[in-house]
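Data first, discussion second: the structure below is written as structure tokens.
Heavy-atom basis, side chains included; hydrogens, waters and symmetry copies ignored. Each ligand, and each atom within it, is numbered from 1 in the order the structure gives.
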Amino acid sequence: MIEISNVSKTFHQRTGGSFTALDNVSLTINKGEFVSLLGPSGCGKSTLLNLVAGLEQAEQGSITVNGKPCKGPGPDRVVVFQEHALFPWLTVLDNVAFGLKQKGIAKKEREALAMEQIKSVHLSKFADRYPHELSGGMKQRAAIARALAMDPEILLMDEPFAALDEQTRLILHQDLEEIWMRTRKTILFITHNIREAVVLSDRVLVMSTRPGKIKKEFAVQAARP
Ligand code: ADP
Ligand code: ADP
């Protein structure tokens, strides 16, 4: 469970000015929930996600995961960014296995674990390819496989499909839905596409700008088996 309590974040500029990106935001996300954050550019969506990721620190309020404060990045929370951020000098397999190598998992085992995730995003045939040999959609699939390989409790997705064309995005929606049904990971998903938010998530939070706040939230009634 992610608990965000009365979080505010102000960025201070070198010129002396400051900008309040988040103003007293509170939010609870339950384990296994798929929550979308929707809102116009600059309303603080990425800032909120980065705080949960431990990449930024709030000056006010607290963020905890299962009761533990998010003071920095942790293996329980993995981010998937808009730009895939794959290592260009590594194959898909080595990219997906990279974090497992850091964890000290032996080659044979980490390659088996990585292949399992590569298979789950339908990239088996491309495991030995380099990122530049893949289409945009395939690169995002590889990035998702890399995140899943770490088996985090929480997937933090910052506009993961925003750079893709409509047709590719629809395919990736199906893939993500499948992954979520199978793994029941807690997902915080940023988008400015209302259709995407409604189609994918259980709950949609709408943020407003100046200063960033959660303005509305609604549950999405799912007809899931
Ligand atoms: P969104 O993801 O909703 O587009 P962001 O969270 O990226 O919004 O940004 C919210 C606001 O905070 C923006 O106005 C942005 O310019 C400002 N901001 C974000 N990060 C920084 C930073 N590191 N330094 C200064 N201002 C920032
Ligand atoms: P894009 O992101 O470019 O819109 P997709 O990821 O949806 O495309 O890929 C479209 C199809 O093209 C996929 O089914 C994939 O198998 C194929 N494809 C894309 N790039 C390559 C490649 N480098 N080699 C082989 N097939 C590819």
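No more than 12 heavy atoms of other residues, nucleotides or ligands shown are found within 6.0 angstrom of NE2 on His192.
In this structure, the side chains of Thr186 and Leu155 stay at 4.5 Å or more apart for every pair of heavy atoms. Taking 4.5 Å as the limit, some side-chain heavy atom of Leu176 sits within range of a side-chain heavy atom of Phe189. A 4.5 Å side-chain heavy-atom check between Ser124 and Lys119 finds at least one atom pair inside the cut-off. Using a 4.5 Å heavy-atom cutoff, the side chains of Leu86 and Arg146 are in contact.
Of the listed residues (Gly212, Gly42, Cys43), the one carrying the non-hydrogen atom nearest atom 4 (O) of ligand 1 is Gly42. Compare Ser46, Gly44, Gly39 by their heavy atoms: the one nearest to atom 2 (O) of ligand 1 is in Ser46.
Proximity of atom 16 (O) of ligand 1 to the protein is not indicated, since no non-hydrogen protein atom lies closer than 4.0 angstrom. By the definition of a contact as any protein heavy atom under 4.0 Å away, atom 27 (C) of ligand 1 is in contact.
Protein heavy atom closest to atom 19 (C) of ligand 1, with residue, atom name and distance, is Phe11 CE1, 3.4 Å. For atom 11 (C) of ligand 1, the nearest non-hydrogen atom of the protein is Phe19 CE2, 3.4 Å. Closest to atom 9 (O) of ligand 1 among all protein heavy atoms lies Thr47 OG1, 3.8 Å.
Which parts of ligand 1 touch Pro40 is read off a 4.0 Å heavy-atom cut-off, strictly below it: atoms 3 (O). Here is the list of ligand 1 atoms found below 4.0 Å of a heavy atom in Ser41: 4 (O). Within the listing of ligand 1, atoms 1 (P), 2 (O), 3 (O), 4 (O), 6 (O), 8 (O) sit less than 4.0 angstrom from a heavy atom of Lys45.
At a 3.5 angstrom cut-off on N or O pairs, Gln13 does not count as close to ligand 1.
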Audit row: Glu217, Arg203, salt bridge (charged side-chain N to carboxylate O under 4.0 Å, His left out) steps and yes/no: CA-CA 7 Å; Glu217 82 166 70; Arg203 184 150 61 106; 3.0 Å; yes
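By the 4.0 Å N-to-carboxylate-O rule, Glu178 lies too far from Arg182 to be salt-bridged with it.
Remark: of the listed residues Leu90, Asp94, Thr91, Thr91 is the sole one forming a side-chain contact (heavy atoms from CB on, under 4.5 Å) with Tyr130.
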